[in-house]
Number of protein chains: 2
Amino acid sequence: MEHRIEKIKKQLHSQSYKLTPQREATVRVLLENEEDHLSAEDVYLLVKEKAPEIGLATVYRTLELLTELKVVDKINFGDGVSRYDLRKEGAEHFHHHLVCVECGSVEEIEEDLLTEVEVQVERDFGFQVKDHRLTFHGICRNCQAQSEDDE
Amino acid sequence: MEHRIEKIKKQLHSQSYKLTPQREATVRVLLENEEDHLSAEDVYLLVKEKAPEIGLATVYRTLELLTELKVVDKINFGDGVSRYDLRKEGAEHFHHHLVCVECGSVEEIEEDLLTEVEVQVERDFGFQVKDHRLTFHGICRNCQAQSEDDE
DNA sequence: ATGATTGCAAAGAATTTGCAGCGAG
DNA sequence: CTCGCTGCAAATTCTTTGCAATCAT
């Protein structure tokens with residue numbers, strides 16, 4: 001974990017930004033909750049536990065900065081809020097999500113399922129793909145099992 | 001076009017909703033601007049041209065209703081606003097988008113590129129896919145041509 | 001000193017809600 | 001008459017901004 005902080009620190013420095021205590025606290029919260037998809041407010045509340053003097057605006061500004069640096073990806077699952085998702089180490093592309101319409105759980109898929117599809121898009125549409133967003137909506141394993149029980 | 005309105009009318013009636021003049025005007029705007037990705041405000045302004053007495057809240061309520069009925073899909077390209085996109089006739093799944101990061105243009109892809117990927121997801125993750133959202137970010141044909149010119 | 005960064009409070013934008021009036025069946 | 005639907009204005013929610021104070025170099 002420390003080495004990921006170091007890496008982010010370098011990324012900031014390379015663009016002459018600093019890793020201030022507030023920014024570091026924010027990054028740590030993101031690292032510690034890597035599986036979740038936190039909203040700015042969520043991050044704010046968690047950061048506040050460690051650094052109570054931080055302001056919500058700073059969290060927003062930090063998340064924006066991290067988005068610019070592609071340390072995090074800003075996503076939107078359709079509720080009104082933006083959520084922030086750390087990029088996996090070395091990931092060139094954004095990972096995919098499985099959103100369960102029953103229970104609302106969100107699972108992540110690391111593997112890039114789109115390599116072929118992207119080739120197809122570049123070939124057929126002349127569109128040079130830089131990144132993608134892919135989310136599946138459906139029913140997760142758990143909820144499928146539950147509805148079988150009901151029968 | 002009239003028959004698409006009829007169809008939507010039936011869909012509404014089947015859930016005991018009515019196709020009021022305001023709702024009809026809203027649907028017509030969506031049909032007439034099928035290629036665009038209008039925000040609620042956009043729709044409001046266009047509807048207002050035909051039916052100046054309509055209120056923004058009604059547009060929101062109508063779009064919400066149409067989303068529920070899966071007549072439209074609510075999407076979000078990362079700017080702060082929700083956009084509404086008519087489902088193509090008979091389309092079971094949401095279509096895909098190519099968003100150009102240079103000029104902001106949005107192209108639509110009708111073909112379902114994900115059939116195989118969905119099989120894979122169901123098999124490998126036990127997730128029963130109902131629908132998907134797929135957006136590619138990259139550089140469109142035009143902007144590619146332009147940057148070649150610059151060189 | 002200089003310029004980046006912060007916290008606070010205020011502003012802003014998008015969307016939702018409360019409510020009285022209207023309108024179709 | 002009843003009940004869904006509407007328009008308006010107010011309220012909410014999420015996010016951004018202005019600004020003076022603070023911090024690091």
Side-chain angles (χ1 to χ4, degrees), chain A residues 8-29 37-69 71-85, chain B residues 8-29 37-69 71-85:
Chain A
I8 290 167
K9 189 172 180 176
K10 277 177 196 151
Q11 274 182 275
L12 284 163
H13 285 167
S14 75
Q15 314 267 331
S16 45
Y17 293 116
K18 300 171 202 163
L19 184 62
T20 63
Q22 291 89 337
R23 287 177 183 164
E24 182 171 336
T26 304
V27 171
R28 282 185 190 278
V29 162
H37 299 82
L38 303 175
S39 67
E41 183 88 28
D42 294 338
V43 174
Y44 171 61
L45 292 173
L46 288 166
V47 174
K48 231 174 152 51
E49 289 177 12
K50 307 175 170 184
E53 72 291 353
I54 200 171
L56 178 56
T58 302
V59 171
Y60 271 104
R61 285 186 280 232
T62 301
L63 291 171
E64 190 194 354
L65 183 57
L66 294 174
T67 304
E68 240 168 62
L69 295 178
V71 171
V72 304
D73 284 293
K74 190 173 175 181
I75 39 171
N76 206 298
F77 289 129
D79 51 349
V81 294
S82 295
R83 299 178 178 280
Y84 298 86
D85 212 355
Chain B
I8 291 167
K9 189 172 179 177
K10 276 177 195 151
Q11 273 182 277
L12 284 163
H13 285 167
S14 75
Q15 313 268 329
S16 45
Y17 293 115
K18 299 172 203 162
L19 186 62
T20 62
Q22 291 90 337
R23 286 178 184 165
E24 183 171 335
T26 305
V27 170
R28 281 185 190 279
V29 163
H37 299 82
L38 304 175
S39 67
E41 184 87 29
D42 295 337
V43 174
Y44 171 61
L45 293 173
L46 289 166
V47 173
K48 232 175 151 51
E49 289 177 12
K50 308 176 168 183
E53 72 291 354
I54 201 170
L56 178 56
T58 301
V59 172
Y60 271 104
R61 284 185 280 230
T62 301
L63 291 171
E64 190 193 355
L65 183 57
L66 294 174
T67 305
E68 240 167 61
L69 295 178
V71 171
V72 303
D73 285 293
K74 190 174 175 181
I75 38 172
N76 206 298
F77 289 129
D79 51 348
V81 294
S82 296
R83 298 176 179 282
Y84 298 84
D85 212 355

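Within every chain, numbering begins at 1; the chains are lettered A, B, ... in the order of the sequence lines, protein sequences first and strands thereafter. Only this structure's heavy atoms are used, side chains among them; waters, hydrogens and symmetry mates stay out.
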Discussion item. How close do Leu56(B) and Ala40(B) get, counting heavy atoms only, and between which atoms?
Written reply: CD1-O, 4.4 Å

Practice prompt. Mind listing the closest non-hydrogen atom pair of Val59(A) and Ile54(A) along with its distance?
Written response: CG2-CD1, 4.1 Å

Practice prompt. Report the distance from atom CG of Leu63(A) to atom C1' of dC14(D), rounded to the nearest whole Å.
Written response: 13 Å

Practice prompt. Measure the distance from CG on Asp79(A) to C1' on dT13(D) and round it to the nearest whole Å.
Written response: 12 Å

Item to complete: Starting from P on dC8(C), measure out to CD on Gln22(A) and report it in whole angstrom.
Response: 11 Å

Practice prompt. Provide the closest heavy-atom pair for Thr26(B) versus Val47(B) in the form atom of the first, atom of the second, distance.
Written response: CA-CG2, 3.8 Å

Worksheet entry | For Gln22(A), all residues meeting side-chain hydrogen bond (donor to acceptor under 3.5 Å, both in side chains), sequence neighbours excluded | none

Practice prompt. Taking the side chain as every heavy atom from C-beta outward, state whether Leu38(B) and Val29(B) have any atom pair closer than 4.5 Å.
Written response: yes

Worksheet entry | Spacing between Ile75(A) atom CD1 and dC14(D) atom P, to the nearest angstrom | 16 Å

Fill in: salt bridge (Lys or Arg N to Asp or Glu O under 4.0 Å) partners of residues 39-64 of chain B, not counting sequence neighbours, each pair once
Glu32(B)-Lys50(B), Asp42(B)-Arg83(B)

Response to the item:
Rounded to whole Å, the CG-P distance (Leu65(A) to dA4(C)) equals 13 Å

Response to the item:
Whether each nucleotide of nucleotides 15-25 of chain D has a protein heavy atom under 4.0 Å at its base (B), only at its sugar-phosphate (S) or at neither (-) is summarised, 5' to 3', as BBBB-------

Worksheet item: Hey, does the side chain of Thr20(B) come within less than 4.0 Å of dT6(D)'s phosphate (OP1/OP2), counting only N and O?
Response: yes

Worksheet item: How many Å lie between CG on Leu45(A) and P on dC14(D), as a whole number?
Response: 11 Å

Worksheet item: Roughly how many Å is it from CG in Leu38(A) to C1' in dC14(D), rounded to a whole number?
Response: 16 Å

Worksheet entry | Presence of Thr58(B) side-chain N/O under 4.0 Å of dG7(D) phosphate oxygens OP1/OP2 | yes

Item to complete: Using whole Å, report how far OH of Tyr44(B) lies from P of dT16(C).
Response: 16 Å

